[in-house]
Amino acid sequence: TSCNLADTITKTIQIDENQTTELASVSICKNDSILLVAMPLDEFDYQWSPSSGLENFQSSSTLASPSNTTEYVYVGQLDNCFDSIKQLVIVKEVELDYQTDAQLCGIPITITASVDDSTQLFWSTHADFSTSIEQDSLVVSTIGTYYLKAIRDGCQKTGAVDVSLTPDCCTEKNILI
């Protein structure tokens with residue numbers, strides 16, 4: 001009989017690497033939402049992180065409404081393998097600073113708003129801005145509500161200034177006969 005002094009075995013070993021896919025960043029306006037869509041691998045269990053601002057953190061397609069710019073990561077796991085899909089959501093906000101009320105008595109006043117240089121500022125006496133004028137300030141001589149709208153990078157912010165009479169405007173000193 002013969003004796004086996006050596007033996008050979010062949011085995012193929014597949015080494016899987018963790019995968020990370022980075023999707024192109026997307027932009028939304030403050031208080032808007034966007035649909036995030038990730039293409040998961042079969043048999044992996046996934047969830048989005050962070051979960052804040054998401055409609056459903058376990059769904060591959062979910063609405064995102066972050067209040068600030070956020071990088072979401074859709075992390076999947078199968079045994080010791082991980083798959084990550086990254087999506088940056090940039091939140092654009094329009095800065096608009098103004099006083100919500102002003103007072104006048106007999107002479108016109110100027111109402112103003114503060115925006116940055118790349119922001120357009122519109123004023124109107126109509127809430128729907130059916131007629132408006134683009135300028136940094138507005139001279140007014142009558143009481144009422146004056147509406148303003150700031151637009152930048154496709155995003156907008158609106159406001160209103162209520163103009164009323166000063167408390168001492170209707171005193172005997174200010175009545176002309």
Side-chain angles (χ1 to χ4, degrees), residues 22-38 47-75 84-177:
E22 195 159 330
L23 303 175
S25 61
V26 293
S27 296
I28 61 171
C29 299
K30 183 94 170 168
N31 300 320
D32 282 353
S33 60
I34 190 164
L35 182 64
L36 300 182
V37 179
Q47 69 180 21
W48 289 98
S49 178
S51 60
S52 62
L54 296 178
E55 187 176 73
N56 182 349
F57 73 96
Q58 293 179 317
S59 174
S60 63
S61 298
T62 187
L63 280 178
S65 306
S67 55
N68 298 304
T69 296
T70 304
E71 181 175 62
Y72 289 104
V73 182
Y74 194 53
V75 179
S84 300
I85 302 168
K86 295 181 178 182
Q87 178 74 73
L88 179 65
V89 178
I90 299 168
V91 178
K92 299 185 290 183
E93 185 172 7
V94 177
E95 295 297 326
L96 175 61
D97 294 318
Y98 63 97
Q99 298 247 328
T100 58
D101 53 39
Q103 296 180 328
L104 62 80
C105 182
I107 58 172
I109 61 167
T110 302
I111 53 177
T112 61
S114 178
V115 295
D116 64 33
D117 290 339
S118 60
T119 302
Q120 295 175 284
L121 181 62
F122 296 89
W123 294 90
S124 181
T125 54
H126 304 282
D128 65 359
F129 289 87
S130 56
T131 59
S132 64
I133 186 169
E134 182 181 357
Q135 56 192 39
D136 293 336
S137 60
L138 187 66
V139 176
V140 298
S141 57
T142 58
I143 62 171
T145 302
Y146 296 86
Y147 301 94
L148 60 160
K149 176 169 47 175
I151 300 174
R152 179 178 177 206
D153 296 330
C155 298
Q156 69 179 18
K157 189 172 190 177
T158 58
V161 178
D162 291 317
V163 176
S164 61
L165 295 175
T166 60
D168 62 344
C169 191
C170 295
T171 64
E172 290 179 15
K173 294 179 196 175
N174 291 320
I175 298 176
L176 297 175
I177 299 178

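It should be emphasised that the depicted structure is a prediction, and the values quoted were computed from it without experimental measurement.
In terms of the ring-ring contact (aromatic ring centres under 6.0 Å, His included) criterion, Y72 has no residue partners (sequence neighbours excluded). Taking the side-chain contact (heavy atoms from CB on, under 4.5 Å) definition, one finds that Q99 meets it with nothing, sequence neighbours left out. Under the side-chain contact (heavy atoms from CB on, under 4.5 Å) criterion, T142 pairs with Y146, not counting sequence neighbours. Among residues two or more places apart in sequence or in another chain, the side-chain contact (heavy atoms from CB on, under 4.5 Å) test is passed with E95 by E93. With sequence neighbours excluded, the residues that form a side-chain contact (heavy atoms from CB on, under 4.5 Å) with S132 are F122, S124, F129.
Note that the CG atom of N68 and the OG atom of S52 stand 9.5 Å from one another [nearest 0.5 Å]. If you take CG on L138 and CG on L121, they are separated by 9.5 Å, rounding to the nearest 0.5 Å. Summarising the geometry, atom CG belonging to L54 is positioned 10.5 Å from atom CD belonging to Q47; distances are rounded to the nearest 0.5 Å. In this structure, the separation between OG1 on T145 and CG on D162 is 4.0 Å, given to the nearest 0.5 Å. With rounding to the nearest 0.5 Å, the separation of NZ in K92 from OG1 in T69 is 10.5 Å.
Annotation: side chain to side chain donor-acceptor pair (under 3.5 Å) contacts involving residues 150-159, sequence neighbours excluded, comprise D116-R152, S118-R152. Residue pairs meeting the salt bridge (charged side-chain N to carboxylate O under 4.0 Å, His left out) criterion with at least one partner in residues 55-73, sequence neighbours excluded, do not occur; the list is empty. Among pairs with a residue in residues 119-147, none fulfils salt bridge (charged side-chain N to carboxylate O under 4.0 Å, His left out), at least two apart in sequence or across chains.
Here the closest non-hydrogen pair linking A38 and Y74 is CB-CD2, 3.4 Å. Heavy-atom minimum distance, Q87 versus W48: CB-CZ3, 4.5 Å.
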Output a table of donor-acceptor pairs, distance under 3.5 Å, between side-chain atoms of residues 29-37 and any protein atom two or more places apart or on a different chain; print 'none' if there are none.
| residue | atom | partner | partner atom | Å |
| --- | --- | --- | --- | --- |
| K30 | NZ | S67 | O | 2.7 |

Using a 3.5 Å cut-off and no angle test, enumerate the donor-acceptor pairs between side-chain atoms of residues 100-114 and protein atoms at least two apart in sequence or in another chain.
none

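Under the 4.5 Å side-chain criterion, counting only non-hydrogen atoms from C-beta, S49 is not in contact with F57. With a 4.5 Å cut-off on side-chain heavy atoms, I151 and V94 do not count as touching. Two residues are said to be in side-chain contact when any heavy atoms from C-beta on lie closer than 4.5 Å; V26 and V89 meet this criterion. Using a 4.5 Å cut-off on side-chain heavy atoms (C-beta onward), H126 and Y147 make no contact. Annotation: side chain of I90 is not in contact with side chain of I28 (no heavy-atom distance under 4.5 Å).
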